[in-house]
Amino acid sequence: MINAEDWKKEEERLKRVTEKLASDLAELEPEVSGLNAQVVDFRRQFWDEVTVNTSTHEDFEETFYSIRQQEALLSERERSHALRVRQWKSMKRLQESPYFGRIDFREEGLEETEQVYIGVSSFLDSDGMNFLIYDWRTPIASMYYDFEPGPADYDTPGGHIKGMIDLKRQYQIAGDHLQNVFDTSLTIGDEVLQQALGKGSDNVMKSIVATIQKEQNAIIRDDQSRMLIVQGVAGSGKTSAALQRVAYLLYKHRERLKADQIVLFSPNPMFNSYVSTVLPELGEENMLQMTFQEYLDHWLGEAFAVEDSFDQMEYVLSRCNDPDYEARLAAIQFKASERYLQALQHYVKGLQREGMRFNAITFRERELISAEAMRNTFYSYDPAVDLSNRIAMLEDWLLRELSALEAAEREEPWVRDELDYLDKDHYAAAYRKLHKEARVFTFTEQYEGASDQERELDEGQFDYGDREEELLRRMVVKEQFKPLRRSVREKRFVDMLGLYRQLFEGEESFQRMTGEAGVPQAHWPTICRQTIAKLNRGELFYEDATPYLYVKELVEDTRTNTQIRHVFVDEGQDYSMFQYAFLKKLFPRAKMTVLGDFSQAIFVQSTELHGEASPLVALYGEAETRWFTLLRGYRSTREIVEFTKSLLIQAKDVVPFNRSGNKPILYRVTTNEERVAGIKEHLEALRAEGHHSIGIITKTMAESQGAFHSLTNAGCQGLKLVTKTTPTFEKGALVLPAYLAKGVEFDAVILYDASSDTYGRESERKLFYTACTRAMHRLTLYTASEWSPFIEKVDRSLYEEDGMKNTIS
């Protein structure tokens, strides 16, 4: 704490700043609402100010420039309103807590020391020159996170600045009330972070820019690396740092980077709601958020029922007695591999010489253009032209062929039959078009100079009857040919299903087409049978979805997005190398930020993120790749961290934050009924302690459903069952499988069944670890049989046992 004199000075300054904030807000309020009303009125009256006159070229030109002038005026007013609203929102956020930090910095060569107060946004004094508060993203504010008192430096657009930090101070402020002040040599004093972490988990992730650590700050402010990899232990703040990195990028590059040019691939829909408030809290619009599954469904959902990663996980966890189980695991691993990626690249390259497959274009049960004709035309093009360009050339050829076929089709007998069923709107449209044609007919060159009377007489030569039927025939056939043209433009003439299916016609053909000899031979016949059976049913395994779409993109080249500038991948260890290569192709101009923890790599196709050995380094090259390792865990108490790190050798280097709590408690019961009764009592005790966010975690979705029904039938109140489609993360007691709990945290976690029957295989160790690391304050495990072998090897001093009792001690 600081002395009384300094405290008084800080209170006086805070009072001046909050009064200035209140004054500026009061002044801005009517201006914001007034501008909004102006914009609304101007939009409503837009056309009243414009006289549309196209009688002559000069009138048309005058109308055009009048509209342009009105449009420019409207745009200017909308920009002015948006700026004022942004300022108003910024000051409203500052009112809640004007600033959280301060450094006194003396620039090298200058005698004067500047007091730099830091908050969530900037705030200027009345003169518009002096900063009362600096935005945490400004270059000078970076020193607050990166340096202790002493020598310090920072980069600016104008050059590198060196100097000395004479003082570093942290604040806890609520509105205009100064609660705590700490002078510190650390980035963040334990007192501030302790209080932030000691609070209960909310139903949304909060942005706490006051608690950014030095290593997190380096992640946030890196805007040079093409590939930035963050390997962070459970609860290390990697997701929070990533979201604040987005806010920083939008601030620094605000003139050329917009929120819709940044996309975050999140682990599940619920996670999107969990993090949805962070950027608005920092004064920025939310970026695009989606799951990778949503992207796959968007592009493949019309053609296939696409298995998702959670259904794949359910299979892996619960179907180990399936006779084809080992073959499915081998398929998942192979189809996620870089070898398979290279095999498909080789395959598509070979299609330029042979093997292309097409769908015939049919109409009214007749074949208009055969697959063979397409194939012959495709292979008649210059072999030097790449595949996607030849597909584009074939598309143009098909559209021309359809135009000729459409003209010929007008004479077919079915067209005359269709005319009998046309409604009056068709005839009205034909009538208007005919009279327009008649006027054009009378104004041909041979009639120029004729009198109006002569033109009226000549219009009588126009054959309305024959022309009407001709026009109606044209309208009917054109309408019927529309779906054919649309399907051609959507490139449905390419037999993508056949192209992918022919890869699985046998090991010899696969090797010949792809050059890949390293297939899992022992399982390949079963893999081929499984894959083809799935495709024939109009379905795709999850492990086939990305490869299928990748082949489709190599052939068609229609999904590449050059507008996206940054791609963020959370829970990045759960993506395959194949999926990363696909993302790079989809977003060729984007930088990529990957966040994850290989200790939580629960999917079969997981990718190692750590260090130079990570295959991700090869995507952009070592020179353009930077990786960070975050070893300090902030989420859980020291006792929970010490317990969980002993479950997994990869977690041995985790450093717990110095926050103490209860040891994990292990409850052994004799029956499921006893377990349900114990959890019910445990829930009541946790709620009484003030824990409002409680996760009851199972291994699979089927177990979650069983647990939910058992607990509900036993009278447990306020339970919510979380599924893969649950859209929002809410407070309360949630029952969910471990793989849906990734990325979120709970005040307390109850592991429903920690027995060897449920978590007995070595492949389930990381899933078990992931479930336990969701807990912030309390962790409880139940079993009705033998404990999981992962627990058996944990030092008994790291947890408490309650024997056969089911009461809370």
Side-chain angles (χ1 to χ4, degrees), residues 86 89-90 92-97 99-101 118-122 135-138 141 145 188 192-193 196-197 199-213 215-223 228 230 232 234-254 257-291 565-572 593-596 630 634-635 693 727-731 741-746 774 776:
R86 191 180 180 91
K89 287 182 177 179
S90 174
K92 289 291 283 184
R93 283 192 303 275
L94 288 176
Q95 268 195 321
E96 297 172 12
S97 179
Y99 43 85
F100 54 79
I118 301 164
V120 294
S121 59
S122 294
D135 191 297
W136 66 277
R137 295 167 288 189
T138 54
Y145 303 106
I188 299 298
V192 176
L193 197 48
L197 297 172
K199 295 177 181 177
S201 174
D202 206 341
N203 62 316
V204 292
M205 176 182 281
K206 291 296 185 182
S207 169
I208 311 175
V209 292
T211 63
I212 294 170
Q213 305 298 294
E215 64 271 22
Q216 293 170 331
N217 194 46
I219 294 166
I220 291 167
R221 293 176 188 264
D222 182 308
D223 62 352
L228 193 149
V230 181
S236 57
K238 51 188 178 292
T239 300
S240 178
L243 295 171
Q244 287 164 130
R245 171 171 165 74
V246 173
Y248 170 76
L249 292 169
L250 289 171
Y251 175 85
K252 182 175 181 181
H253 305 292
R254 54 191 175 277
L257 181 66
K258 305 302 178 189
D260 60 6
Q261 293 177 296
I262 302 175
V263 60
L264 167 67
F265 285 96
S266 53
N268 53 61
M270 184 176 68
F271 183 84
N272 289 340
S273 73
Y274 181 60
V275 302
S276 62
T277 61
V278 175
L279 288 174
E281 194 176 275
L282 294 171
E284 302 292 351
E285 293 180 25
N286 262 321
M287 72 223 134
L288 302 172
Q289 287 179 250
M290 69 180 78
T291 65
R565 291 293 186 270
H566 287 272
V567 173
F568 286 74
V569 181
D570 205 357
E571 299 296 337
T593 301
V594 177
L595 316 135
L630 303 178
Y634 298 97
R635 172 187 298 143
S693 173
T728 58
F729 182 82
E730 299 177 356
K731 279 186 178 181
K742 287 168 67 67
V744 297
E745 60 190 25
F746 300 93
R774 302 304 94 199
M776 291 180 66

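All values derive from a computational prediction rather than experimental measurement.
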| field | Over all atoms of both residues, closest heavy-atom pair of D570 and F271 | value | OD2-CZ, 3.0 Å
| remark: Residues A247 and L282: closest non-hydrogen pair is CB-CD1, 3.7 Å
| said: If I take atom CD from residue E745 and atom CZ from residue R635, how far apart are they, to the nearest 0.5 angstrom? | reply: 5.0 Å
| Non-hydrogen side-chain atoms of M270 and E730 separated by less than 4.5 Å | no
| request: Answer yes or no: are there more than 12 heavy-atom neighbours, outside Q95 itself, under 6.0 Å from its atom CD? | output: yes
| task | Return yes if some donor-acceptor pair links the side-chain N/O of E281 with the main-chain N/O of R93 below 3.5 Å, else return no. | result | no
| query | Going through the distances and angles, do S240 and V278 end up as a side chain to side chain contact (heavy atoms under 4.5 Å, CB included)? | reply | CA-CA 8 Å; S240 178; V278 175; over 6 Å; no
| message | Contact between V275 and Q289 at the side-chain level, heavy atoms closer than 4.5 Å - yes or no? | response | yes
| field | Within 45° cone of Y248 ring axis and under 6.0 Å: R245 NZ or CZ | value | no
| query | Checking side chain to side chain contact (heavy atoms under 4.5 Å, CB included) for the pair M290/F265: CA distance, chi angles, key distance, verdict? | reply | CA-CA 5 Å; M290 69 180 78; F265 285 96; 3.7 Å; yes
| note | Heavy atoms of A741 and F746 approach each other most closely as CB-CE1, 4.4 Å
| Interatomic distance, N268 atom CG to T291 atom OG1 [nearest 0.5 angstrom] | 8.0 Å
| note | All heavy atoms of N217 vs all of I212, minimum pair found to be N-CG2, 3.7 Å
| field | D135/R137 ion pair, N-O < 4.0 Å | value | yes
| query | Minimum heavy-atom separation for T138 to Y251, with atom names? | reply | CG2-OH, 3.1 Å
| task | Determine the minimum heavy-atom distance between S276 and N286, stating which atoms define it. | result | O-ND2, 2.7 Å
| field | Among L228, L250, I262, D223, the one residue meeting side-chain contact (heavy atoms from CB on, under 4.5 Å) with H566 | value | I262
| said: Working note: Y145 + V209, criterion side chain to side chain contact (heavy atoms under 4.5 Å, CB included); need CA distance, chi angles, decisive distance, verdict. | reply: CA-CA 10 Å; Y145 303 106; V209 292; 4.1 Å; yes
| field | Atom pair NZ/CD1 of K252 and I220 - distance to nearest 0.5 Å | value | 13.5 Å
| Say you draw a straight line from CZ of R565 to CG of L257; how long is it, rounded to the nearest 0.5 Å? | 8.5 Å
| message | Within this structure, what is the CG-CE distance for the pair L249 and M287, rounded to the nearest 0.5 Å? | response | 11.0 Å
| Are the side chain of K238 and the backbone N or O of G232 linked by a donor-acceptor pair below 3.5 Å? | yes
| Hey, mind stepping through V246 and L264 against side chain to side chain contact (heavy atoms under 4.5 Å, CB included) and telling me if it holds? | CA-CA 10 Å; V246 173; L264 167 67; over 6 Å; no
| field | salt bridge (Lys or Arg N to Asp or Glu O under 4.0 Å) between E284 and R86, worked out | value | CA-CA 9 Å; E284 302 292 351; R86 191 180 180 91; 3.4 Å; yes
